[in-house]
Amino acid sequence: MSTETQELTSMQDLVSLCKQRGFLFQSSEIYGGVNACWDYGPLGVELKLNIKDSWWRAMTLRDDVEGLDASILMHPRTWEASGHVEGFVDPLVDCKTCKGRFRADKLDHAACGKKPSLKPGAHGECELTEPRQFNLMFKTNMGPIEDSSSVVYLRPETAQGIFVNFLNVQQSMRQKVPFGIAQIGKAFRNEITPGNFIFRTREFEQMEMQYFVRPGTDRDHFEKWKAVRHQWHLDNGLRAHKIRFHEHGPKELAHYALAAFDIEYEFPIGWQEIEGIHNRSDFDLRRHQEFSSKKMEYFDETTKERYLPYVIETSVGCDRALLAVLCDAYRIEGERTVLKLAKHLAPYKAAVLPLMKKPELLELTDKVETLLRKKMKITRDESGTIGKRYRRQDEIGTPACITIDYDGLADGTVTVRDRDTMAQERVSVDQLLGYLARND
Ligand code: ATP
């Protein structure tokens, strides 16, 4: 067997694996699919929950960060204050010839509908319209009457739910600046050019944390959070040489930002943002104070000062982080495809495999299964040769395969095969939980 290792080179290979093995399906597939929306299947939802859990733990298992779950629909004034009604726009151009629709600022990465090897506008046959500004927020109406007074928006980011609750959280939890608020939730953007699988979708989930600090200390906190967030991606298994920081230059900075760094991952489509770390100054609290006419200031009881804190924001797309994890884990090693997922992220922690469907082996298999199920998500597979079953588990990233054979009936042991090294070790059933935990 050849041992040559290949990494993921085409997103399409990952899309196929994800569909076949129950990670992700195109939304409403039986109706031809809906563009830019995806459904997480049984293994995808486990992986996603594990990513959210790892983020939640990293961000909230500390006494200076509180959690929040704000609603998706907010008062429409929120989005005027935040600047989204006016400024959350992308420049849209249409091609009069190929009828394609593109983001004017991303033409370099786009392909003409008629001649995909060419960039839109780069050849005579493609005639582009002048760019017009297109607002990315989805609008809907609240209540039975559809008029301008009932317009509400599906939130395009989770952050504003945190800003409007800043004082509620600070006062109810008796927090002192510096402290943060963390939230995981859905966001919606009517993207002009969604695509590249779950990289850019119109409905996605964000994991955001806003850290409120005293003005003047913002630079230090910014540097600290940059390091914390970089480490989180490494802890999820992303290889160091596949992630880097990209600093926003003056032209890239959002209207609210004093400084911004993206964490980028090298996808098969090139280096792309997976997370943004922003110094938002006091922009958001100041604007909400102005638009709501409610004081948003923090009162420092020690110094007796009132001030609007600055905000350091860390904002990562759950789906995009998950895509990076999948891309990074994907390998073809000789005959096998393997997802080298970090163990804490793997959908199943172990697979229980009786060597044959013989009653005495199944009895011991039941015992092992019951023992493990209480502690972790596992699967059981009885069909096909043991080699095929190992391959099936490799492909979905299961770190350990536990085979129950005849030797085990005599001495109470099982064989544990490691996904990455393929090494096999005999382990006593009594020691199994400890053995699997040790390999976490
Ligand atoms: P981009 O430049 O890719 O449109 P952005 O700079 O607008 O992204 P932010 O507003 O900073 O992104 O959002 C924070 C994070 O949310 C991004 O780093 C990304 O992980 C995620 N995200 C943003 N838009 C989408 C989307 N359409 N689909 C999936 N994830 C997204």
Side-chain angles (χ1 to χ4, degrees), residues 11 24 27 34-40 44 48 51-52 55 59 79 82-84 87-92 102-106 108-110 134-138 154-163 182-210 225-226 229-230 232-233 236 238 243-249 251-265 267 269-280 283-284 311-327:
M11 202 67 104
L24 280 143
S27 166
V34 56
N35 200 6
C37 296
W38 293 84
D39 297 342
Y40 284 84
K48 196 179 189 194
I51 287 187
K52 289 196 264 188
W55 185 86
M59 303 304 278
W79 306 109
S82 68
H84 282 81
F88 196 51
V89 288
D90 276 340
L92 170 71
F102 310 101
R103 255 173 79 170
D105 57 336
K106 301 261 173 175
D108 274 357
H109 302 286
F134 172 75
N135 196 301
L136 303 187
M137 283 198 292
F138 279 96
L154 301 190
R155 68 179 175 201
E157 63 177 27
T158 56
Q160 299 305 323
I162 289 182
F163 293 126
Q183 172 166 226
I184 300 177
K186 288 260 178 167
F188 303 82
R189 295 182 186 179
N190 200 0
E191 299 277 4
I192 296 171
T193 44
N196 288 313
F197 197 19
I198 52 170
F199 178 80
R200 189 181 301 286
T201 53
R202 293 194 169 118
E203 172 179 344
F204 56 99
E205 221 161 344
Q206 286 189 317
M207 306 188 288
E208 293 197 304
M209 195 271 320
Q210 272 69 37
W225 281 108
K226 260 174 70 190
R229 298 306 308 145
H230 185 255
W232 182 77
H233 292 284
N236 280 347
L238 299 191
I243 44 181
R244 70 178 187 195
F245 281 112
H246 162 77
E247 182 174 9
H248 284 211
K251 285 197 185 138
E252 275 175 285
L253 278 181
H255 58 279
Y256 53 75
L258 287 182
F261 276 75
D262 291 339
I263 299 180
E264 294 186 334
Y265 176 77
F267 289 97
I269 51 170
W271 287 97
Q272 299 285 347
E273 167 182 346
I274 50 176
E275 170 153 5
I277 298 147
H278 311 121
N279 181 345
R280 294 180 77 125
F283 175 84
D284 304 87
V311 171
I312 307 302
E313 165 181 84
T314 74
S315 173
V316 56
C318 178
D319 315 80
R320 227 181 252 187
L322 183 147
L323 183 62
V325 160
L326 281 175
C327 289

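What you see is a predicted model, and the numbers here were worked out from it, not measured in a lab. We count ligands from 1, going down the list as the structure has it; atoms in each ligand are counted the same way.
- Contact annotation: the side chain of W55 approaches that of M209 to within less than 4.5 Å [non-hydrogen atoms, C-beta and beyond].
- Checked options F197, F204, F199; the residue passing with W38 is F197 (criterion: ring pair (Phe, Tyr, Trp, His ring centres under 6.0 Å)).
- For G317, a nitrogen or oxygen atom sits less than 3.5 Å from a nitrogen or oxygen atom of ligand 1, counting backbone and side chain alike.
- Geometrically, ligand 1 and R189 share a nitrogen or oxygen pair separated by less than 3.5 Å.
- Remark: side-chain polar atoms of D319 are paired, donor with acceptor, to backbone N or O of E205 under 3.5 angstrom.
- For the pair R155 (side chain) and A187 (backbone), a donor-acceptor distance under 3.5 Å is absent.
- Close approach of ligand 1 to F199 is summarised as follows: ligand atoms under 4.0 Å from at least one heavy atom of the residue are 28 (N), 29 (C), 30 (N).
- For the pair R189 (side chain) and P156 (backbone), a donor-acceptor distance under 3.5 Å is present.
- When non-hydrogen atoms are compared, ligand 1 lies under 4.0 Å from the backbone of I274 (N, CA, C, O) but not from its side chain.
- Among all protein heavy atoms, the one lying closest to atom 25 (C) of ligand 1 is F204 CZ, 3.4 Å.
- Using a 4.0 Å cut-off between charged side-chain N and carboxylate O, E157 and R280 make a salt bridge.
- The aromatic rings of H246 and H248 sit tilted, their planes meeting at an angle between 30° and 60°.
- Protein heavy atom nearest atom 28 (N) of ligand 1, with residue, atom name and distance: T201 N, 3.0 Å.
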**Q.** side chain to side chain contact (heavy atoms under 4.5 Å, CB included) between Q210 and Q160, intermediate numbers included
**A.** CA-CA 10 Å; Q210 272 69 37; Q160 299 305 323; over 6 Å; no
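- Residue contacts with ligand 1 do not include D319, since none of its heavy atoms lies under 4.0 Å from the ligand.
- For atom 4 (O) of ligand 1, the closest heavy atom belonging to the protein is R200 NH1, 2.7 Å.
- At a heavy-atom cutoff of 4.0 Å, ligand 1 is contacted by the side chain of E191 but not by its backbone.
- Within the 4.5 Å cutoff, the side chain of V311 has heavy atoms near those of the F163 side chain.
- For ligand 1 and E275, the ligand atoms under 4.0 Å from any heavy atom of the residue are 18 (O).
- Nearest protein neighbour of atom 18 (O) of ligand 1, counting heavy atoms only, is E273 OE2, 2.6 Å.
- When non-hydrogen atoms are compared, ligand 1 lies under 4.0 Å from neither the backbone nor the side chain of E157.
- Looking at D262, its side chain never comes within 3.5 Å of a backbone N or O of E264 through a donor-acceptor pair.
- Annotation: atom 14 (C) of ligand 1 to nearest protein heavy atom, S315 OG, 3.0 Å.
- Remark: ligand 1 atoms within the under-4.0 Å shell around heavy atoms of Q206 are 13 (O), 14 (C), 16 (O).
- Below 4.0 Å from some heavy atom of H278 lie the following atoms of ligand 1, by number and element: 11 (O).
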